[in-house]
Amino acid sequence: MPTSLSLWASRVLALLGKEIKTELRTRYAFNSLLMFSVVTLTAVSFSVGQFALSVQVKAALYWLILFFASMAGLAQVFIKEEEAKTSYLLKLAGPASIIYLGKFLYNWVLLLVLQVIIIPLFVIFLDLELSNLALFLTVSVLGSLALSAATTIIGAIVSKANVKGALFAVLSFPLLIPVLVAGIEGTQLATGGARFSEGWGQLRLLVSFSVVMLTVSLILFEFVWSE
Amino acid sequence: MLGLKLEGISKSFGSRRVFSDINLELKAGQCCGVIGPNGSGKSTLLKIAAGLLSPSTGKITFLAGEGEVSRETARFSIFWIAPDLEFYGELTALENLSFFARIRGIKKDNSEIVQQIQRVGLGKRENDQVGSYSTGMRQRLKFALALVCQPQILLLDEPGSNLDREGVDLVEQFIQKSRPNLAICLATNNPLETKYADFFITLGQ
């Protein structure tokens, strides 16, 4: 089986590579993500001015920016395929599992790149103290994994609808509440100087959510993608 | 070599019935023409055969010799050329064909893919972004992709659309040359194309 597994992996990576290449040439999704994040962060930092924000508020703001940036950009992976009519060739070319995983990996990479940019901005503009850097980074990476897993399948569902923007937010919000709560709590612990072990509960929740969401999505996507 | 069998296929969109009770048995080496007025469901029937749409009723079977194979097995032996099919405009022709070959699990190096692009008359344009191509050039590129993918069942929806005289000749050569190994289903009302068909399904009667 290793040969078929490596062929399967190379097909997923081919889709990931195609997504990154087209994104680098068009900046279709990344500009939306980045603009939303930077504008929100800058507006908040100017309006707060000299007032010090609590750790809780900073953590909530960090995850709200990631959540709404995901709303603005991550659904595009399927919407642009439907709008450009490229979805037909993609459907004829690859099995649903490969398409979902390639798109999911791309969304995850996009969120990770966004985090690499906005974390230093948070530190500079809002004086975010990364007291436990390892816990903060782990929560961020696992949180973005969970966000990507959910928004990818929701994006696929929404791409078939007429009112895409509104439907994406309506479907995403209730589904992503556990991710937001765990992400905010984990970030509060990390920026408040807690030990790594104190964040196990939040990390477990993020990993469990991602595993469940990826498994369900792989089963559901076949039906969503084929109609 | 694969064949295609449609039994009692019908399709409705909401309360509007597009067609009903379509039956077809198509073997390798045969070409079936699908004809009918605009809106009679020619493209819809081909999309159903390609697995891009589900029929409202009926059964689709893929024939392999005396036996049958599942849609999953046959799926990547089917290729569909239609006006609705689009490439990624931001990628070059070579990148597009290379990507679709890779994701289909076909191992071809770039020189082989360039050869197919040259065969459809797009030589020296393989490194241009498809967004800069005319509709006729994109149509030719679809045939280049078909050459790369080497399907066993080929579904052609108005294959000569947007093509110049030279392009129409290319389509003719393509059909004549690949015909012995392919089961071809051809949706068109163009008399220059209907001549390839061995038998017809007439929709919208």
Side-chain angles (χ1 to χ4, degrees), chain A residues 1 3-31 76-103 105-106 159-160 162 221-227, chain B residues 11 13 43 46-56 70-92 94-108 129-132 135 138 141-142 144-146 148-149 151 153-155 157:
Chain A
M1 289 307 281
T3 312
S4 60
L5 187 65
S6 68
L7 178 65
W8 184 82
S10 86
R11 293 166 80 181
V12 172
L13 291 177
L15 181 56
L16 175 63
K18 187 278 291 178
E19 293 293 336
I20 291 172
K21 199 178 276 181
T22 52
E23 181 61 34
L24 287 173
R25 289 181 189 171
T26 60
R27 307 277 199 278
Y28 195 83
F30 189 69
N31 280 355
Q76 303 298 338
V77 283
F78 288 107
I79 292 172
K80 70 178 178 184
E81 298 277 2
E82 294 292 336
E83 288 179 349
K85 292 185 177 176
T86 48
S87 59
Y88 285 133
L89 261 180
L90 205 52
K91 281 173 190 168
L92 288 172
S97 59
I98 286 174
I99 307 298
Y100 174 78
L101 285 173
K103 297 281 189 185
L105 284 176
Y106 166 70
S159 69
K160 311 282 181 188
N162 291 328
F221 186 72
E222 174 82 43
F223 302 100
V224 175
W225 184 236
S226 64
E227 267 304 321
Chain B
K11 182 67 184 175
F13 292 109
S43 301
L46 261 60
K47 278 184 189 172
I48 288 171
L52 296 167
L53 270 181
S54 301
S56 301
S70 69
R71 174 171 281 288
E72 273 314 299
T73 309
R75 186 172 177 171
F76 303 111
S77 300
I78 305 169
F79 196 78
W80 176 62
I81 294 179
D84 280 352
L85 212 61
E86 286 294 342
F87 291 96
Y88 296 103
E90 312 84 18
L91 300 184
T92 68
L94 178 58
E95 286 169 342
N96 263 295
L97 266 55
S98 174
F99 164 68
F100 284 114
R102 268 189 77 190
I103 206 160
R104 257 179 116 109
I106 299 167
K107 286 185 179 172
K108 291 253 182 197
Q129 288 190 357
V130 172
S132 70
T135 46
R138 287 176 203 211
L141 197 59
K142 292 169 195 172
L145 183 55
V148 170
C149 294
I153 298 171
L154 184 62
L155 308 166
D157 190 354

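Each chain gets a letter, A, B and so on, in the order its sequence line appears, and its residues count up from 1.
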- Where on B:K142 is there a heavy atom nearer than 4.5 Å to chain A: the side chain, the backbone, both, or neither? neither
- Item | Backbone of A:L7 reached by a side-chain donor or acceptor of A:S10 within 3.5 Å | yes
- Note on the structure: The interface call for B:L145 against chain A, heavy-atom contacts under 4.5 Å, is side chain
- Task: Name the orientation class of the two ring planes belonging to B:Y88 and B:F99 (parallel below 30°, tilted from 30 to 60°, perpendicular beyond 60°).
- Result: perpendicular
- Query: Looking at A:K80, A:R25, A:K85, A:R11, which makes the most heavy-atom pairs under 4.5 Å with chain B?
  - Reply: A:R11
- Would the B:F79 and B:F100 ring centres measure less than 6.0 Å apart? no
- Item | Pairwise salt bridge (Lys or Arg N to Asp or Glu O under 4.0 Å) hits with a residue in residues 96-105 of chain B, at least two apart | none
- For the candidates A:I98, A:V12, A:L90, which exhibits the highest count of non-hydrogen atom pairs separated by less than 4.5 Å from chain B? A:L90
- By ring pair (Phe, Tyr, Trp, His ring centres under 6.0 Å), which residues pair with B:F87, not counting sequence neighbours? none
- Which one, A:P95, A:G102, A:G17, leads in non-hydrogen pairs under 4.5 Å with chain B? A:P95
- Tell me, side chain or backbone of A:T26 under 4.5 Å from chain B's heavy atoms, or both, or neither? side chain
